[in-house]
Amino acid sequence: MAIDDIGYDQRMCLTVTGMPVKFTLIASAAGVFGESLETFATLIDERGIQQGQDKVLQAYVLSTVVNSVCWVEGAAQELFEMCGRASDPRVQSLDPARRAKVARLKPPAPTIKKWETLIAELTGTPLNDTAPAVSEMQLLLWLRNLCVHAEPWHLPSKKGRPEDVEAALRSKFTLNEFPGEAKTFFPHIVLSRGCAAWSFSTARQFNRYALDQLGLGSLFGA
């Protein structure tokens, strides 16, 4: 495996140029973001990317991976903001005292931790981290981290090691048919059309699961 085949600057370039529409995740944008992301993930198939355009494919798929995680994180961030608006009709079903407490909290940095905090504080029950939707989301986060972040993956105690993520992902979707000359799993083989569809589906299923725990149904386009 050659995780560093794509350097930091190239990773950022792929992330920025791969998505044809610039999205800014701010309050009240998460629902529109999810709808647009679904359209974008579908377009990857319709573009008919062929052999010789592997860098283009990688750029589009990596953008979908990164922005799928952004959708989940942005939805959580927006819900923290909504709890601070007492008159917001979308959260009136939640206990007012619990909403007020959440509004005073500083959202934690990790993506899933944000939702753990929201669910625990708003319902009094913990997020089930063994639920399939949560496990899949954790796998998506590990994939995002491997493609974007510089991490000391050689540490044997580190969760989300490349070999573990590769083993888990190989059965999730069809891999890249045109990986280019390098043909390493990260990032060349894994960044396929199937990976893009799986990334969006995983984010949507997690949002649906988390929001169902709060009784908020299909909020944010989930």
Side-chain angles (χ1 to χ4, degrees), residues 1-23 25 33-34 36-38 40-45 47 49 53-76 109-114 134-156 158-207:
M1 289 175 288
I3 300 167
D4 293 330
D5 281 357
I6 291 185
Y8 178 80
D9 291 339
Q10 291 172 298
R11 292 172 188 166
M12 293 303 99
C13 181
L14 288 176
T15 301
V16 172
T17 60
M19 187 72 83
V21 179
K22 181 179 179 182
F23 293 107
L25 277 179
F33 184 85
S36 301
L37 182 60
E38 180 175 21
F40 177 74
T42 303
L43 284 175
I44 293 176
D45 282 333
R47 290 179 65 86
I49 298 171
Q53 295 181 290
D54 51 286
K55 294 296 184 183
V56 176
L57 176 62
Q58 288 172 20
Y60 276 78
V61 177
L62 180 55
S63 292
T64 306
V65 170
V66 171
N67 285 286
S68 292
V69 173
C70 286
W71 182 28
V72 172
E73 186 158 358
T111 302
I112 292 181
K113 189 66 177 178
K114 284 183 171 66
V134 181
S135 300
E136 288 288 283
M137 188 62 211
Q138 183 60 72
L139 185 57
L140 174 58
L141 285 164
W142 285 336
L143 173 60
R144 188 278 308 267
N145 292 345
L146 282 169
C147 291
V148 175
H149 294 313
E151 293 280 359
W153 298 111
H154 61 280
L155 295 178
K158 187 74 174 179
K159 292 183 178 180
R161 295 177 303 173
E163 57 268 33
D164 298 330
V165 177
E166 176 179 346
L169 287 175
R170 281 191 174 276
S171 63
K172 296 295 182 182
F173 45 78
T174 302
L175 299 173
N176 188 6
E177 299 176 27
F178 312 114
E181 296 180 0
K183 297 182 179 179
T184 54
F185 191 80
F186 296 107
H188 307 95
I189 294 175
V190 70
L191 294 179
S192 65
R193 297 178 182 87
C195 180
W198 171 82
S199 297
F200 171 74
S201 176
T202 295
R204 178 168 57 184
Q205 291 301 319
F206 178 84
N207 275 347

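- Between Phe185 atom CZ and Leu146 atom CG the span is 10.0 Å, to the nearest 0.5 Å.
- With rounding to the nearest 0.5 Å, the separation of NZ in Lys172 from CH2 in Trp198 is 7.0 Å.
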Please test Ser68 against Leu140 for side chain to side chain contact (heavy atoms under 4.5 Å, CB included), starting from the C-alpha separation and ending with a verdict. CA-CA 9 Å; Ser68 292; Leu140 174 58; 4.1 Å; yes
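- Relative ring orientation between Phe200 and Trp71 is described as parallel, the plane-to-plane angle staying below 30° on a 0-90° scale split at 30° and 60°.
- For Ala109 against Lys114, the heavy-atom pair with the smallest separation is O-NZ, 2.8 Å.
- Among residues at least two apart or in separate chains, there is no salt bridge (charged side-chain N to carboxylate O under 4.0 Å, His left out) pair with a member in residues 59-72.
- Formation of a donor-acceptor pair under 3.5 Å by the Ser192 side chain with backbone atoms of Thr174 is found in this model.
- Here the straight-line distance linking atom CG of Asp164 with atom CG of Leu169 works out to 11.0 Å at 0.5 Å rounding.
- Scanning both residues, Val165 and Phe186, for their nearest heavy atoms gives CG1-CZ, 3.8 Å.
- Taking CZ from Arg193 and CG from Asn176, the interatomic distance works out to 7.5 Å, rounded to the nearest 0.5 Å.
- For Thr111, the side chain to side chain donor-acceptor pair (under 3.5 Å) partners are Glu73, not counting sequence neighbours.
- Atom CE of Met137 is separated from atom CG of Asn207 by 7.5 Å, given to the nearest 0.5 angstrom.
- Under the side chain to side chain donor-acceptor pair (under 3.5 Å) criterion, Gln205 pairs with no residue, sequence neighbours left out.
- Residue Cys195 is tested with Thr64, Leu62, Leu143 for a side-chain contact (heavy atoms from CB on, under 4.5 Å); the sole match is Leu143.
- Interatomic distance, CZ of Arg144 versus OG of Ser199, reported as 11.5 Å (0.5 Å rounding).
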